[in-house]
Number of protein chains: 2
Amino acid sequence: MAISKKELDKRINNFKEALRHSGIKLTHQRLEIFREVAKVIDHPAAETIFQRIRKRLPTVSLDTVYRTLWLANDLGLITTLRSSRQRTRFDANLSRHYHFICSKCGLAMDFHSDELDELTLSETLKDIGLPETTHLEVKGMCLKCAKNKKPREETSYDREQKVSGNRQI
Amino acid sequence: MAISKKELDKRINNFKEALRHSGIKLTHQRLEIFREVAKVIDHPAAETIFQRIRKRLPTVSLDTVYRTLWLANDLGLITTLRSSRQRTRFDANLSRHYHFICSKCGLAMDFHSDELDELTLSETLKDIGLPETTHLEVKGMCLKCAKNKKPREETSYDREQKVSGNRQI
DNA sequence: CTATTTGCAAATAATTTGCAGTGCG
DNA sequence: CGCACTGCAAATTATTTGCAAATAG
């Protein structure tokens, strides 16, 4: 569940520095809330963090937890996993495929990749668990939006700019 | 946006057959709702499907759309993408990593993979868009749950058994 | 015919927001 | 010592559910 003290200190210092740099106040609540996400490896939900810090900070409110987590997200210090901000989308394509989601218009498109199809993770995951399903999602700007010919539609994905597992591949 | 007529017919026949096989009635609403997800490639949300079929079926209600989509999901005929049924989870690990989520206890764990790190999708995606971030999530049972030593905690993931991009890797 | 299914409206769950008091820089 | 921040309660959004009327097989 926990991270090394060294890594935790680094994360907390980054947080303090980022707040200072942005002229945002470092409150007791913010520090404790950030510390709680930063110190664990289990990707807690806001509610879970709220429960965990109540022992130390009996008066914090759940909305402050949300505000602080999104603040840290906006500062690039944490990322989100399975954000509930979007509506569920449905897919009738049952063949093996992956998704590309446009960060501007929200359009989700299927794509195929032999390289991905050929990958085997069971060895990598042998100490973690038994894989059943895999879901891969690439986010970026679709060609139409890149050409600026298509207006924004559907739910916006703004808040999720920084996705977990972040990287360009 | 649209799928070939042949593929659409196949999907619709599968749907009819699955309903018949399960003794579930084929209503006008169910058929039109399913046809609407089945015929497009853009992974619409329930609300979007609702808006689209209102022209043909002015009296359908949004809850019937949801009921039908989850029914099709339960029958294994469609999958979901970014289901909103779960709470947002936060991750303070900023290094390149992927997620394993236990389908039983919901625990999310990070893992690393050189094979994935080395993958390049920009060629594959050249006709789709410009990749910015990638998010990969493997679902399966974690070792603790497999040994049956850990009770269920947090939100359950039941409804999401069938994830898009389905496959074991 | 009659058990399912539908549409409506009201209920939930997660998250967000307005506002007045509070405290950090 | 002022303006950003907090806690509270009320609002919002996506989704679900109870129930009486409608309908597929």
Side-chain angles (χ1 to χ4, degrees), chain A residues 15-34 43-51 53-54 56-75 80-90 106 154-160, chain B residues 15-34 43-51 53-54 56-75 80-90 106 154-160:
Chain A
F15 180 63
K16 290 180 177 173
E17 181 48 41
L19 290 190
R20 195 174 308 126
H21 184 265
S22 309
I24 294 170
K25 291 179 180 172
L26 176 67
T27 63
H28 188 36
Q29 290 91 324
R30 282 184 175 150
L31 185 57
E32 290 311 312
I33 292 165
F34 182 78
H43 314 292
E47 176 76 38
T48 309
I49 294 168
F50 175 59
Q51 300 298 344
I53 57 172
R54 256 137 106 61
R56 279 177 278 153
L57 282 176
T59 66
V60 254
S61 60
L62 180 57
D63 51 273
T64 297
V65 174
Y66 274 108
R67 282 191 277 229
T68 302
L69 293 171
W70 286 122
L71 170 69
N73 177 74
D74 292 345
L75 293 171
T80 64
L81 188 44
R82 342 179 110 248
S83 169
S84 310
R85 302 247 21 210
Q86 283 96 42
R87 298 181 286 193
T88 303
R89 286 153 160 265
F90 298 88
E154 296 243 14
T155 312
S156 88
Y157 287 77
D158 299 337
R159 193 148 237 181
E160 250 199 305
Chain B
F15 180 64
K16 290 180 177 173
E17 180 48 42
L19 291 191
R20 195 175 308 125
H21 184 266
S22 310
I24 294 170
K25 292 178 178 174
L26 177 66
T27 62
H28 187 36
Q29 291 91 323
R30 281 183 175 150
L31 184 57
E32 289 311 311
I33 292 165
F34 182 78
H43 314 290
E47 176 76 39
T48 309
I49 294 168
F50 176 60
Q51 300 297 345
I53 57 171
R54 255 137 108 63
R56 279 177 276 153
L57 282 176
T59 66
V60 253
S61 60
L62 180 57
D63 52 274
T64 298
V65 174
Y66 274 109
R67 282 190 278 228
T68 302
L69 292 171
W70 286 123
L71 170 70
N73 177 74
D74 292 345
L75 292 170
T80 64
L81 189 42
R82 340 177 110 248
S83 170
S84 310
R85 303 246 22 211
Q86 285 97 41
R87 297 182 285 193
T88 303
R89 286 154 161 266
F90 298 87
E154 297 245 14
T155 313
S156 89
Y157 288 76
D158 300 337
R159 192 149 240 178
E160 251 199 304

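Sequence lines set the chain letters: A, B, ... in the order given, protein chains first and strands last, and positions in each chain run from 1. Model, not experiment: these values are computed from the prediction. These numbers come from the heavy atoms of this one structure, side chains and all, not from hydrogens, waters or symmetry mates.
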What distance do B/Thr48 atom OG1 and B/Ile53 atom CD1 have between them, rounded to the nearest 0.5 Å? 11.5 Å
Taken in chain and number order and not counting sequence neighbours, the residues that satisfy side-chain contact (heavy atoms from CB on, under 4.5 Å) with B/Thr59 are none
Pull out every residue in residues 59-69 of chain A that has a heavy atom closer than 4.0 Å to any atom of DNA chain D, ordered by number, or say none. A/Thr59, A/Val60, A/Ser61, A/Asp63, A/Thr64, A/Arg67
Below 4.0 angstrom from OP1 or OP2 of C/dT15, is there any side-chain N or O of B/Thr88? yes
A/Phe50 has an atom CZ; how far is it from atom C1' of C/dT15, in whole Å? 13 Å
If you compare every side-chain N and O of B/Trp70 against the phosphate oxygens of D/dT16 (OP1, OP2), does one of them come in below 4.0 Å? yes
Distance, rounded to the nearest Å, where A/Arg30 contributes CZ and D/dG7 contributes P: 11 Å
Expressed as a whole number of angstroms, how long is the span from B/Leu71:CG to C/dT5:P? 8 Å
Can you tell me how far apart CZ (A/Phe15) and CG (A/Leu19) are? Round to the nearest 0.5 Å. 4.0 Å
Note: for B/Gly23 and B/Phe90 on DNA chain C, the residue whose nearest nucleotide lies more 5' is B/Gly23
Spacing of B/Arg54 atom CZ relative to C/dG7 atom P, expressed in whole Å: 11 Å
Return the value, rounded to whole Å, for the distance between atom CD of A/Glu47 and atom P of C/dT16. 13 Å
What is the distance from CG of B/Asn73 to C1' of D/dT15, rounded to the nearest Å? 14 Å
Hey, does the side chain of B/Arg87 come within less than 4.0 Å of C/dA13's phosphate (OP1/OP2), counting only N and O? no
Over all atoms of both residues, closest heavy-atom pair of B/Ala46 and A/Phe90: N-CE1, 4.0 Å
Produce the list of close N/O pairs, under 3.5 Å, pairing protein atoms with atoms of nucleotides 22-25 of chain C; give distances to one decimal.
| residue | atom | partner | partner atom | Å |
| --- | --- | --- | --- | --- |
| C/dG23 | N2 | A/Lys25 | NZ | 3.4 |
| C/dC24 | O2 | A/Lys25 | NZ | 3.2 |
| C/dG25 | OP1 | A/Leu26 | N | 3.1 |

From CG of B/Leu81 across to P of D/dA14 the rounded distance in Å is 16 Å
Those residues at least two apart in sequence (or on a different chain) that pass salt bridge (charged side-chain N to carboxylate O under 4.0 Å, His left out) with A/Arg20 are A/Glu17
Of all residues at least two apart in sequence or in a different chain, which pass the side-chain hydrogen bond (donor to acceptor under 3.5 Å, both in side chains) check with B/Thr64? B/Ser61
CG on A/Leu71 to OG on A/Ser22, rounded to 0.5 Å: 8.0 Å
If you look at every heavy atom in A/Phe50 and A/Leu62, which pair is closest and at what distance? CE1-N, 3.4 Å
Gap between atoms CD1 and P, on B/Ile49 and D/dT15 respectively (whole Å): 11 Å
N/O donor to acceptor pairs below 3.5 angstrom from side-chain atoms of residues 25-34 of chain B, sequence neighbours left out:
| residue | atom | partner | partner atom | Å |
| --- | --- | --- | --- | --- |
| B/Thr27 | OG1 | B/Arg30 | N | 3.1 |
| B/Arg30 | NH1 | B/Lys25 | O | 2.7 |
| B/Glu32 | OE1 | B/Arg35 | NE | 3.4 |
| B/Glu32 | OE1 | B/Arg56 | NH1 | 2.2 |

